[in-house]
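Note sheet for the following structure.
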Amino acid sequence: KQWYQRRVREPRKYSRIIVVPVSLPLSYGTHHTKLMILQSEGGIRVVIHTANLIQVDWTVKTQGLWISSLCPPLPDGKQEDCHADPECLSFKAYLLKYLGAYSTSATDQLIRILMKYDMSGVTQVKLVGSVPGMHSGPLYGTPRLQKLLSLFVDDSKVRPGWRIVANCSSIGSLGSTTEEWFDKFVRALQTTNSGDETCRQALFQLVFPTVDMIRNSLEGYCGGGSVPYQLRTHRRQHWLRDYMCHWDSKEHGRSRVVPHIKTYTRLSPDMRRVAWFLLTSANLSKAAWGQMLSDGKCRVRSYELGVLFVGADSQKVYSRETGCGMLVPYSLPPRPYSKTDKPWIADVAYSQLDTHGNKWPIDTDNDLLEIG
């Protein structure tokens with residue numbers, strides 16, 4: 001907001017920045033996607049990440065960022081026929097479909113530019129997006145992720161005991177019971193290429209910072225402004241606490257760096273392999289992932305975008321010894337909350353002093369950040 005006000009006051013200083021209004025047709029929706037397209041003489045790179053365009057998100061938060069390989073220009077006069085991929089399984093087809101949903105002159109111009117580049121080399125990930133609206137078919141939200149898992153996750157390699165672990169920086173209103181939405185979402189994450197129910201009995205864990213973690217973080221309570229879980233929401237879903245685990249990241253030296261990253265993954269019992277891994281802007285909410293309605297449509301409220309790493313063979317979890325593998329941002333196995341642990345709730349007062357000697361809320365002239 002402050003940046004936008006400065007741009008209005010000093011238009012020449014920000015003349016190379018164009019702000020494009022985005023339509024949000026449904027209440028409680030937001031434009032939450034974090035996407036960059038970087039163009040150079042040699043080609044373009046697509047960047048999908050979890051950080052907002054504010055300084056603290058890039059300096060003192062735990063974030064995730066994926067950068068595509070360089071996509072070179074297509075030979076003169078040649079264009080790929082993305083209409084030949086109606087399910088948008090290719091990277092380029094889905095990216096153009098997603099951008100087309102904005103229906104603005106700016107994104108239409110961007111699509112025309114992207115059509116001229118060869119993205120056939122981007123094969124290691126699939127895109128998972130959300131677009132506001134009532135959707136039929138598996139293009140957006142939970143149905144999109146479920147469709148991809150049904151195509152690319154081999155149930156012969158994902159046996160009972162492979163758990164699902166998520167982490168996020170905000171949690172929406174999920175309902176007073178797990179039956180309302182949560183159970184259906186977890187079942188979708190358990191999807192494989194077979195209907196074998198033994199693969200659908202997976203433990204679900206949610207890595208989310210505690211009050212103590214935020215208080216002892218590098219930022220202290222200020223870091224909790226970017227983890228805007230609300231008390232009113234938490235009171236309606238106390239059952240969610242049973243799934244919560246600590247944010248620890250000793251292996252990466254980030255245990256005291258507030259997590260703003262959002263990931264979903266399926267891990268082997270020995271914590272050494274992942275069947276799939278999703279880095280995304282989508283928090284744990286109906287607005288981000290959509291809610292299935294009685295007519296079979298999926299109601300999505302927000303714009304989101306993520307990259308799904310999936311393949312025929314499970315991938316190894318990153319280790320320092322080898323220097324390779326899938327980098328899971330938290331310590332494994334996740335450590336469940338004890339009876340005394342409390343999830344961070346941003347609109348509650350805390351009197352115990354943080355690492356900077358402050359209580360919460362902090363008496364400051366600056367606006368508190370409440371960005372998920």
Side-chain angles (χ1 to χ4, degrees), residues 22 24-34 50-52 57 61 63-64 128-135 140-146 164-189 204-211 214 223-245 247 258-265 278-293 297-306 337 342-348 368-372:
V22 173
L24 293 169
L26 300 179
S27 58
Y28 305 109
T30 183
H31 184 261
H32 203 238
T33 293
K34 294 92 166 74
T50 62
N52 294 291
D57 268 25
K61 293 286 191 300
Q63 305 281 9
V128 179
S130 292
V131 168
M134 306 289 188
H135 303 291
Y140 301 115
T142 306
R144 169 67 175 182
L145 177 57
Q146 187 170 15
I164 295 169
V165 184
N167 86 277
C168 59
S169 61
S170 185
I171 304 170
S173 179
L174 308 180
S176 58
T177 66
T178 62
E179 289 84 2
E180 184 174 325
W181 180 85
F182 179 79
D183 288 345
K184 301 180 186 70
F185 179 68
V186 173
R187 280 198 296 271
L189 269 58
F204 180 89
Q205 294 179 303
L206 175 64
V207 175
F208 194 80
T210 62
V211 174
I214 297 292
S226 294
V227 188
Y229 190 29
Q230 302 294 303
L231 178 62
R232 186 174 67 172
T233 302
H234 181 62
R235 282 176 170 169
R236 291 197 297 262
Q237 53 196 40
H238 275 294
W239 53 264
L240 186 60
R241 190 189 175 284
D242 295 338
Y243 298 88
M244 287 181 168
C245 297
W247 171 263
V258 173
H260 191 258
I261 189 173
K262 304 100 165 87
T263 67
Y264 301 78
T265 189
L278 176 67
L279 173 69
T280 177
S281 63
N283 284 303
L284 187 63
S285 73
K286 299 175 187 176
W289 286 105
Q291 183 175 16
M292 298 305 297
L293 305 178
K297 293 183 178 180
C298 183
R299 181 176 59 202
V300 179
R301 299 181 183 273
S302 297
Y303 288 94
E304 310 281 359
L305 192 61
Y337 279 17
K342 297 179 180 179
W344 167 257
I345 298 174
D347 57 344
V348 170
L368 293 178
L369 295 175
E370 291 190 359
I371 302 173

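Computation of the quantities below employed the complete heavy-atom set of this structure, encompassing side-chain atoms and omitting hydrogens, waters and symmetry-equivalent molecules.
Atom OG1 in Thr233 sits 9.0 Å away from atom CD1 in Ile345 (nearest 0.5 Å). One distance of note links NE2 of His32 with CG of Leu305; it measures 12.5 Å at 0.5 Å rounding. Distance check: Phe185 CZ to Leu174 CG gives 9.5 Å after rounding to the nearest 0.5 Å. A distance of 11.5 Å separates CD1 of Ile261 from SG of Cys168, quoted to the nearest 0.5 Å. Once rounded to the nearest 0.5 Å, the distance linking NZ of Lys342 with OG1 of Thr210 reads 11.5 Å. If you take OG on Ser173 and CZ on Arg235, they are separated by 14.0 Å, rounding to the nearest 0.5 Å.
Heavy atoms only, all atoms of each residue included: Asp57 and Asn52 are closest at OD2-N, 2.8 Å. Among all heavy-atom pairs drawn from Cys245 and Gln205, the shortest one is SG-NE2, 3.6 Å. Residues Pro209 and Val227 come closest through the heavy atom pair CG-CG1, 4.0 Å. Of all the heavy atoms in Ser302 and Thr30, the pair that sits closest is OG-N, 3.1 Å. Counting all heavy atoms, side chain and backbone alike, Ser281 lies closest to Glu304 at OG-OE1, 2.6 Å. Heavy-atom minimum distance, Leu24 versus Gly29: CD1-O, 3.8 Å.
Taking the six-membered ring where the residue is Trp, His234 and His238 present perpendicular rings, their angle passing 60° and hence far from 30°. Aromatic ring pairs are classed by plane angle as parallel below 30°, tilted from 30° to 60° and perpendicular above 60°; the pair Trp289 and Tyr264 is perpendicular.
Tyr303 places a side-chain heavy atom less than 4.5 Å from the side chain of Val131. Contact annotation: the side chain of Lys184 never approaches that of Thr142 to less than 4.5 Å [non-hydrogen atoms, C-beta and beyond]. At a threshold of 4.5 Å between non-hydrogen side-chain atoms, the residues Leu206 and Ile171 count as touching. Using a 4.5 Å cut-off on side-chain heavy atoms (C-beta onward), Met292 and Pro143 make contact.
Checked against side chain to side chain contact (heavy atoms under 4.5 Å, CB included), Thr265 has the following partners two or more places apart in sequence or in another chain: Val165, Leu267, Val274, Phe277, Tyr330. Qualifying side chain to side chain contact (heavy atoms under 4.5 Å, CB included) partners for Val300, counting only residues two or more places apart in sequence or in other chains: Ser130, His135, Cys298.
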Residue pair Lys61, Thr50: steps toward the side-chain contact (heavy atoms from CB on, under 4.5 Å) verdict: CA-CA 10 Å; Lys61 293 286 191 300; Thr50 62; over 6 Å; no
Test side-chain contact (heavy atoms from CB on, under 4.5 Å) applied to Leu278 and Leu145, step by step: CA-CA 9 Å; Leu278 176 67; Leu145 177 57; 4.2 Å; yes
Tyr243 and Thr178: CA distance, side-chain angles, deciding distance, side-chain contact (heavy atoms from CB on, under 4.5 Å) verdict: CA-CA 11 Å; Tyr243 298 88; Thr178 62; 4.2 Å; yes
Pair Leu240-Phe182, side-chain contact (heavy atoms from CB on, under 4.5 Å): steps then yes or no: CA-CA 9 Å; Leu240 186 60; Phe182 179 79; 4.2 Å; yes
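Side-chain atoms of Asn283 come within 3.5 Å of backbone atoms of Ser170 as a donor-acceptor pair (strictly under, hydrogens ignored). A donor-acceptor pair is defined here as one N or O able to donate and one able to accept, closer than 3.5 Å; no such pair exists between the side chain of Trp247 and the backbone of Pro259. Judged by distance alone, the side chain of Asp347 and the main-chain N or O of Gln230 form no donor-acceptor pair under 3.5 Å.
Annotation: salt bridge (charged side-chain N to carboxylate O under 4.0 Å, His left out) contacts involving residues 282-292, sequence neighbours excluded, comprise Glu180-Lys286.
When each of Tyr229, Trp344, Tyr337 is checked for a ring-ring contact (aromatic ring centres under 6.0 Å, His included) with Phe208, only Tyr229 meets the rule.
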